[in-house]
Amino acid sequence: MTIAEKLQKIAENEQKVFDAGYEKGKAEAGGDDGSYDEGFADGKQAEYDRFWDTLQQNGNLKNYNYLFYQDRFDDTIYNPKHPIILGVTSSSGNLAVFNSSVRITDTKVPIIAEGVYLNQVFAYSKIKTIRELRVNENTTYNNVFNDCSALEELTITGAIGKNDFNLKWSTELSKDSIVSIVNALSPNTSGLTVTLSLTAVDNAFREGDKEGSISSGWNDLLNLRQNWTISLV
Amino acid sequence: METRNVIRANDGKILTNGEIYGKQIFLAVGVSEGDFYEITEEEYEEYLRVKSEREMYIYG
């Protein structure tokens with residue numbers, strides 16, 4: 001059964017699951033004695049678990065290609081139970097997972113992308129917060145953050161070391177995010193460039209009110225990874 | 001600690017050496033500023049458009 005067919009079946013059975021949870025909760029509470037809320041919550045939790053355990057194969061799903069593409073999910077429906085493990089190893093890589101996602105603003109769970117090829121994963125999305133993107137020195141990046149103009153918070157764990165890293169579109173990127181990115185740059189590589197938004201860096205590290213006056217905090221950060229070219233656009 | 005070399009483009013321009021592009025570029029140790037020249041911002045945006053179209057076509 002394909003994922004689309006599974007989703008269809010889940011949607012068809014949604015009311016049955018809810019009713020089952022409700023009746024179960026009601027029965028265990030001894031009928032209508034004020035335990036409706038508890039039964040309702042149990043039913044709702046059971047429905048949530050069933051949906052996300054099925055969709056994410058109990059946390060074992062490795063192919064999320066196009067899963068959260070465009071407007072399929074919004075922040076209410078998108079609420080993964082398990083970390084998102086990107087594990088596609090084919091030549092096109094982990095493709096367009098959140099590409100053009102305009103209704104999800106927060107990834108909510110860690111995205112594990114160690115040693116894999118990331119292909120347009122967040123490109124053209126309106127995501128504001130990427131809670132954790134876990135990478136290693138073998139993770140490669142192809143147009144991953146193109147046009148991520150809404151991105152404010154990005155936490156990178158691990159190391160960036162395989163190829164260039166470009167966030168020039170993210171003019172709202174926070175200071176903590178910029179620090180996270182620079183700290184993640186591998187000290188063991190050479191010839192690579194990280195590109196950031198000049199607006200974001202200026203806003204994050206501005207000293208006083210003068211535009212373009214960058215504080216010593218930025219210089220301290222630059223000194224951490226002198227093996228990397230840091231370009232501001 | 002070796003001080004970084006930083007190069008800055010004139011208003012409306014982008015600096016490039018054919019691989020690295022930026023308005024302000026904090027060069028890694030060993031990268032020469034002599035290789036850089038200016039292009040317009042429009043030329044840079046066109047480069048990005050063509051590059052992403054090519055890469056998205058090739059890589060899916």
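Letters go in sequence order (proteins before strands), and every chain restarts at 1.
Counting non-hydrogen atoms of neighbouring residues, nucleotides and ligands closer than 6.0 angstrom, the NZ atom of A:Lys62 exceeds 12 such neighbours. Annotation: A:Lys81, atom NZ; neighbour count of heavy atoms from other residues, nucleotides and ligands within 6.0 Å is above 12.
Looking at A:Asn146, the atoms closer than 4.5 Å to chain B (heavy atoms on both sides) all sit in the side chain, from C-beta outward. With a 4.5 angstrom heavy-atom cutoff, B:Tyr44 touches chain A only via side-chain atoms. No part of B:Ile7 comes within reach of chain A, as not one of its non-hydrogen atoms sits under 4.5 angstrom from that chain.
For a heavy-atom cut-off of 4.5 Å, chain A lies close to B:Ile14, B:Ile20 in residues 10-20 of chain B.
Annotation: the span from B:Tyr21 atom OH to A:Thr193 atom OG1 amounts to 11.5 Å, rounded to 0.5 Å. Remark: A:Thr195 OG1 to B:Lys23 NZ distance equals 13.0 Å, nearest 0.5 Å. Here the CD-CG distance, from B:Gln24 to A:Asp202, works out to 8.5 Å after rounding to the nearest 0.5 Å.
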Under the criterion salt bridge (charged side-chain N to carboxylate O under 4.0 Å, His left out), I'd like the reasoning laid out for B:Glu41 against A:Lys168: C-alpha separation, chi angles, the key distance, then a yes or no.
CA-CA 13 Å; B:Glu41 290 190 20; A:Lys168 86 154 193 98; over 6 Å; no

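Put simply, the side chain of A:Thr229 never gets that close to the backbone of B:Leu27: no donor and acceptor are under 3.5 Å apart. Without hydrogens or angle criteria, A:Ser231 side chain to B:Ile25 main chain gives no donor-acceptor distance under 3.5 Å. Here the side chain of B:Arg4 pairs no donor or acceptor atom with the backbone of A:Asn223 at under 3.5 angstrom.
Nearest heavy atom pair, residue A:Tyr124 against residue B:Ser52, reads OH-OG, 4.5 Å.
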